[in-house]
Amino acid sequence: MNPPSGNAPAAPIRAVDVIRKTRDHQELSTAEIGSLVEGYTRGEIPDYQAAAWLMAAVIRGLTRAETAALTDAMLRSGEVLDLSDFSASKVDKHSTGGVGDKTSLVLAPVAAAGGLIVPMISGRGLGHTGGTLDKLESIPGFNVNLPVAEFRRVLHACGCCMIGQTAEIAPADRKLYALRDVTSTVESPYLICASIMSKKLAEGIDALVLDVKTGSGAFMKKEEDAVFLAELMAETGQRMGKKVVALITDMDQPLGLKVGNSLEVAEVIDVLRGQGPADLRELCLELAAWMFLLGGKASTLPEGKQTAEQLINSGKALARFRQMVELQGGDVRAIDDPARLPHAQHTLDVASPRSGYVSAIHCEAIGTACVILGGGREKKEDTVDPAVGIVLRKKVGDAVTAGDPLCTIHHNSDSRSARARQLIEASYQIADRPPSAARPLVHRVINRSGEEI
Ligand code: URA
């Protein structure tokens, strides 16, 4: 075939050809990626073609140039907020997804109470992991779908605001995220990087703390894969002139004791009241310290941690959370009295089959059990049950006697709880001796230029 002559019109970019190229290991051009993202966002490319491309991208991977083009196209699908009218530093935190990972709900008010501006755009449950938006929506009336003008108004009033991707901000991620959730196309460092960084770069922030999870409940199960993802995101942030730090943190068992939307909000309130499980509290303090350091509110990490502790112990962080909830339409009576949060009709204990020590908990299985209970989605059209979930009574290293409850299932359906119970039973490993060494909460820190600190 002859090459097209100089005057021939450029051949149209067809989704079917883009899918084939990715499948066949050919690199896509920036124009091809832009056309795919724009076409899907506008509704011209159907779900089945976008899903086929996502699956090809998961299986064959993307090049650095393709990842950059995808991130840019997703970022350009909506507007980039200009928050230059705020004099304080704009700093956010984002996690790559975990089980029982509710730190965003603690960190936004802590950081705002410490003088930072936190314009947080989050996501819903993804795969087996929980989503900040689903958690927030378990607070009756809480609105995560604010237009930009309202988002800015809340930010001006209380320094933090937590919303989802909208038709105005990161609309491409809004659609692709929901599609990836139900098509097993989450576990790709390239797609995760584009999804997270397109949202975060649209926020108009100065600095970003990334919490990159590793372990059996993370999308990146192996530490080297988590480090690769952290470097990819740090590089992307740096390219766009942002200060970025990535903490590789442990997700080999659920964080805290509660998994499930309203259960997790109750645990957030415990932490903001100066209580709550030690691992969750510790990770929140560590991430808050980095936010204060990058935002210029602390000159060392210990100082940042101390600031966060004081803001929690004085009640200022909880007051800020309450204010944000009220400004976003939520019923603050549920914050003052978490017993008013939705709760499930039934509970069911899962008993230990033998005596010994908990040596491991397969964390992804706990997350999947929560999805099965109705706490997440198996299909796009599923509605989430805010009340269901799992309360862990034993964690790794704890001694157990045969018959002791390992955890309690909170459910609204006997058939769903029976399926969840099977998974949970298989996820707990009981051994004669406790594990020799506890895994650290923070495995390592990668700085903004992709170097380990
Ligand atoms: N969080 C996101 O926002 N996107 C992903 O792809 C994974 C975690």
Side-chain angles (χ1 to χ4, degrees), residues 37 40-41 50-51 53-55 57-58 61-62 66-68 70-71 73-75 77-78 92-105 107-108 118-136 144 162-166 169-203 205 208-215 217-221 225-226 228-234 236-237 242 244 246-249 251 255 264 287 363-364 367 371 376-377 380:
V37 170
Y40 183 57
T41 308
W53 181 77
L54 288 168
M55 187 56 84
V58 169
L62 298 180
E66 286 174 320
T67 307
L70 181 63
T71 310
M74 289 172 70
L75 171 62
S77 70
D92 195 9
K93 179 296 307 186
H94 198 91
S95 150
T96 57
V99 179
D101 177 12
K102 58 217 42 104
T103 61
S104 291
L105 280 73
L107 288 165
V118 189
M120 195 180 272
I121 299 172
S122 303
R124 298 194 174 278
L126 193 60
H128 65 277
T129 68
T132 298
L133 302 180
D134 295 331
K135 292 171 210 198
L136 288 167
V144 298
M162 300 176 79
I163 59 166
Q165 313 96 318
T166 67
I169 314 171
D173 186 55
R174 181 185 168 101
K175 286 193 78 178
L176 286 166
Y177 190 100
L179 188 62
R180 287 169 62 221
D181 178 33
V182 291
T183 53
S184 283
T185 51
V186 177
E187 293 91 339
S188 153
Y190 314 100
L191 297 181
I192 295 176
C193 172
S195 164
I196 292 180
M197 296 310 287
S198 65
K199 280 195 284 290
K200 300 291 111 175
L201 295 169
E203 290 173 347
I205 46 172
L208 176 64
V209 177
L210 290 164
D211 180 1
V212 182
K213 303 288 188 192
T214 185
F219 292 124
M220 300 292 114
K221 309 260 185 271
D225 295 339
F228 178 78
L229 171 59
E231 287 172 354
L232 206 55
M233 291 194 289
T236 307
K242 312 292 175 193
V244 182
L247 279 69
I248 309 290
T249 75
M251 189 37 69
L255 187 62
E264 293 192 40
L287 292 166
C363 187
E364 179 174 335
V371 173
R377 299 166 191 78
K380 255 181 152 181

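These numbers come from the heavy atoms of this one structure, side chains and all, not from hydrogens, waters or symmetry mates. Both counts, for ligands and for their atoms, begin at 1 and track the order of listing.
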Asks: Taking only non-hydrogen atoms of Val186, do any sit less than 4.0 angstrom from ligand 1?
Replies: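 No heavy atom of Val186 comes that close to ligand 1.
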Asks: Using a strict 4.0 Å cut-off to heavy atoms of Lys199, name the atoms of ligand 1 that fall inside it.
Replies: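 Taking each heavy atom of Lys199 in turn, ligand 1 has 2 (C), 3 (O), 4 (N) under 4.0 Å.
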Asks: In terms of side-chain geometry, is the basic nitrogen of Lys380 or Asp181 positioned less than 4.0 Å from the acidic oxygen of its partner?
Replies: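 Salt bridge between Lys380 and Asp181, a charged N being under 4.0 Å from a carboxylate O: no.
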Asks: Starting from atom 4 (N) of ligand 1, which protein heavy atom do you reach first, and at what distance in Å?
Replies: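 Looking at atom 4 (N) of ligand 1, the protein heavy atom closest to it is Ser195 OG, 2.7 Å.
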Asks: Taking both backbone and side-chain atoms of Thr96, is any N or O found less than 3.5 Å from an N or O belonging to ligand 1?
Replies: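 No.
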Asks: Taking the six-membered ring of Tyr40 as reference, does the cationic atom of Lys175 (NZ for Lys, CZ for Arg) lie under 6.0 Å from its centre and within 45° of its axis?
Replies: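 Checked: cation-pi criterion met.
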Asks: Sort out for me which residue in Ile196, Thr132, Asp211 forms a side-chain contact (heavy atoms from CB on, under 4.5 Å) with Ser95.
Replies: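 By the side-chain contact (heavy atoms from CB on, under 4.5 Å) criterion, Ser95 pairs with just one of Ile196, Thr132, Asp211: Asp211.
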Asks: Closest non-hydrogen protein atom to atom 2 (C) of ligand 1, residue and atom name please, with distance?
Replies: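 Nearest neighbour among protein heavy atoms for atom 2 (C) of ligand 1, to 0.1 Å: Ile196 CG1, 3.4 Å.
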Asks: Do Gln165 and Leu133 have side chains that get closer than 4.5 Å, going by heavy atoms?
Replies: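 Yes. Closest side-chain heavy atoms under 4.5 Å.
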Asks: Using a heavy-atom cut-off of under 4.0 Å, does the side chain or the backbone of Ile192 touch ligand 1, or both, or neither?
Replies: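 Under 4.0 Å from ligand 1, Ile192 contributes backbone and side-chain atoms.
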Asks: Is it the side chain, the backbone, both or neither of Thr129 that has a heavy atom closer than 4.0 Å to ligand 1?
Replies: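 Contact part for Thr129 vs ligand 1: neither.
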Asks: Can you tell me if Ala194 has a non-hydrogen atom under 4.0 Å from ligand 1?
Replies: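 Distance cut 4.0 Å: Ala194 fails for ligand 1.
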Asks: Do Lys213 and Thr96 get their side chains close enough for a donor-acceptor pair, meaning under 3.5 Å?
Replies: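 Not at all, the side chains of Lys213 and Thr96 share no donor-acceptor pair under 3.5 Å.
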Asks: Record the part of Ser95 in heavy-atom contact with ligand 1 below 4.0 Å; permitted values are side chain, backbone, both and neither.
Replies: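 The backbone, only.
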Asks: Using a strict cut-off of less than 4.0 Å between a Lys/Arg side-chain nitrogen and an Asp/Glu carboxylate oxygen, indicate whether Asp92 and Lys200 qualify as a salt bridge.
Replies: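 Between Lys200 and Asp92 there is a salt bridge, with a charged N closer than 4.0 Å to a carboxylate O.
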Asks: For ligand 1, which atoms, with element, lie under 4.0 Å from some heavy atom of Leu126?
Replies: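 Checking each atom against Leu126, I get 5 (C), 6 (O), 7 (C), 8 (C).
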Asks: Could you tell me if the side chain of Lys242 sits less than 4.5 Å from the side chain of Leu208, heavy atoms only?
Replies: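 A side-chain contact under 4.5 Å is absent here.
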Asks: Can you confirm, on distance only, whether ligand 1 has an N/O atom lying under 3.5 Å from any N/O atom belonging to Tyr177?
Replies: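 Among all N and O atoms of Tyr177, none is under 3.5 Å from an N or O of ligand 1.
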Asks: If we only count heavy atoms from C-beta on, is the Ile121 to Ile169 side-chain gap below 4.5 Å?
Replies: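 Contact flag for Ile121/Ile169 side chains = yes.
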Asks: List every atom of ligand 1 that sits less than 4.0 Å from any heavy atom of His94, numbering the atoms from 1 in the order shown and giving each element.
Replies: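 In order of numbering, the contacting atoms are 1 (N), 2 (C), 3 (O).
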